[in-house]
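Written out below as structure tokens is the structure these notes cover.
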Amino acid sequence: QVQLVESGGGLVQAGGSLSLSCAASGRTFSSYVMGWFRQAPGKEREFVATIGRSAGSTYYADSVKGRFTISRDNAKNTVYLQMNSLKPEDTAVYYCAARQLGPIATTPKGYNYWGQGTQVTVSS
């Protein structure tokens, strides 16, 4: 089992940047595929980005491609999401998730463990 704690959310103006972090407990962090998802009020949770166990593969939602970058440091048990050129429509609670088995995945059901979320608000 792994516990996930996100940090780094906040309020930023459109065009600005934020960096999210997700710290994981346990010794087996490198065995998990990691993902970032987000959920805006009244909307379903949606995929943002995912990264493979050795960081050799990444995949992004079309809406964030070219603006967001996912990365991980297995020595620090941490996954990151660098968000640039933020837009008001990026406003949401951002969740970190861990997937125990299988390749990278883009659906919430594919992930076994979730953090509590961190709020990102982009003002226009």
Taking the side chain as every heavy atom from C-beta outward, state whether [X] and [Y] have any pair of such atoms under 4.5 Å apart.
X: Met34; Y: Val2; value: no
X: Tyr94; Y: Glu6; value: no
X: Ser19; Y: Gln82; value: yes
X: Thr91; Y: Gln119; value: yes
X: Val120; Y: Arg38; value: no

| request: Over all heavy atoms of both residues, which pair between Ser21 and Thr78 is shortest? Give the atoms and the distance, please. | output: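 Nearest heavy atoms, Ser21 then Thr78: CB-CG2, 4.3 Å.
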| field | Closest non-hydrogen atom pair between Ile104 and Ser57, with its separation | value | CG2-OG, 3.9 Å
| query | Hey, is the main chain of Phe29 close enough, under 3.5 Å, to the side chain of Asn74 for a donor-acceptor pair? | reply | no
| field | In one Ile/Leu/Val/Met/Phe/Trp/Tyr side-chain cluster, 4.5 Å: Tyr95, Phe47 | value | yes
| query | Linking I/L/V/M/F/W/Y whenever their side-chain heavy atoms sit closer than 4.5 Å, directly or via other members, would Val33 and Leu20 fall into one cluster? | reply |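 Different clusters: Val33 never reaches Leu20 through Ile, Leu, Val, Met, Phe, Trp or Tyr contacts under 4.5 Å.
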First locate atom [atom1] of [X], then atom [atom2] of [Y], and finally report the distance between them rounded to the nearest 0.5 Å.
X: Gln13; Y: Ser124; atom1: CD; atom2: OG; answer: 9.5 Å
X: Ser30; Y: Asp73; atom1: OG; atom2: CG; answer: 11.5 Å
X: Arg53; Y: Thr28; atom1: CZ; atom2: OG1; answer: 11.0 Å
X: Trp36; Y: Ile51; atom1: CH2; atom2: CD1; answer: 11.5 Å
X: Leu86; Y: Ser17; atom1: CG; atom2: OG; answer: 6.0 Å

| task | Carefully, step by step, assess Val12 and Met83 under the rule side chain to side chain contact (heavy atoms under 4.5 Å, CB included). | result | CA-CA 11 Å; Val12 65; Met83 305 185 295; over 6 Å; no
Taking only distance into account, with no hydrogens and no angle test, what donor-acceptor pairs under 3.5 Å do side-chain atoms of residues 106-115 form with protein atoms, sequence neighbours excluded?
{"from": "Tyr111", "atom 1": "OH", "to": "Thr50", "atom 2": "OG1", "distance (Å)": "2.9"}
{"from": "Tyr111", "atom 1": "OH", "to": "Ala105", "atom 2": "O", "distance (Å)": "2.6"}
{"from": "Asn112", "atom 1": "OD1", "to": "Gln100", "atom 2": "N", "distance (Å)": "2.7"}

| said: Show me the pairs that pass ring-ring contact (aromatic ring centres under 6.0 Å, His included) and involve residues 60-90, at least two apart or across chains. | reply: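 Applying ring-ring contact (aromatic ring centres under 6.0 Å, His included) to every pair that reaches into residues 60-90, excluding sequence neighbours, yields nothing.
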| request: Using a strict cut-off of less than 4.0 Å between a Lys/Arg side-chain nitrogen and an Asp/Glu carboxylate oxygen, indicate whether Lys65 and Asp62 qualify as a salt bridge. | output: yes
| task | Starting from the C-alpha separation in whole Å, work towards a yes-or-no answer on side chain to side chain contact (heavy atoms under 4.5 Å, CB included) for Val79 and Leu81. | result | CA-CA 7 Å; Val79 61; Leu81 186 69; over 6 Å; no
| query | Does atom CD of Gln3 have more than 12 heavy-atom neighbours, drawn from other residues, nucleotides or ligands, at distances under 6.0 Å? | reply | no
| said: With disulfide bond (SG atoms under 2.5 Å apart) as the rule and sequence neighbours excluded, what pairs involving residues 21-124 come up? | reply: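 Qualifying pairs, neighbours excluded: Cys22-Cys96.
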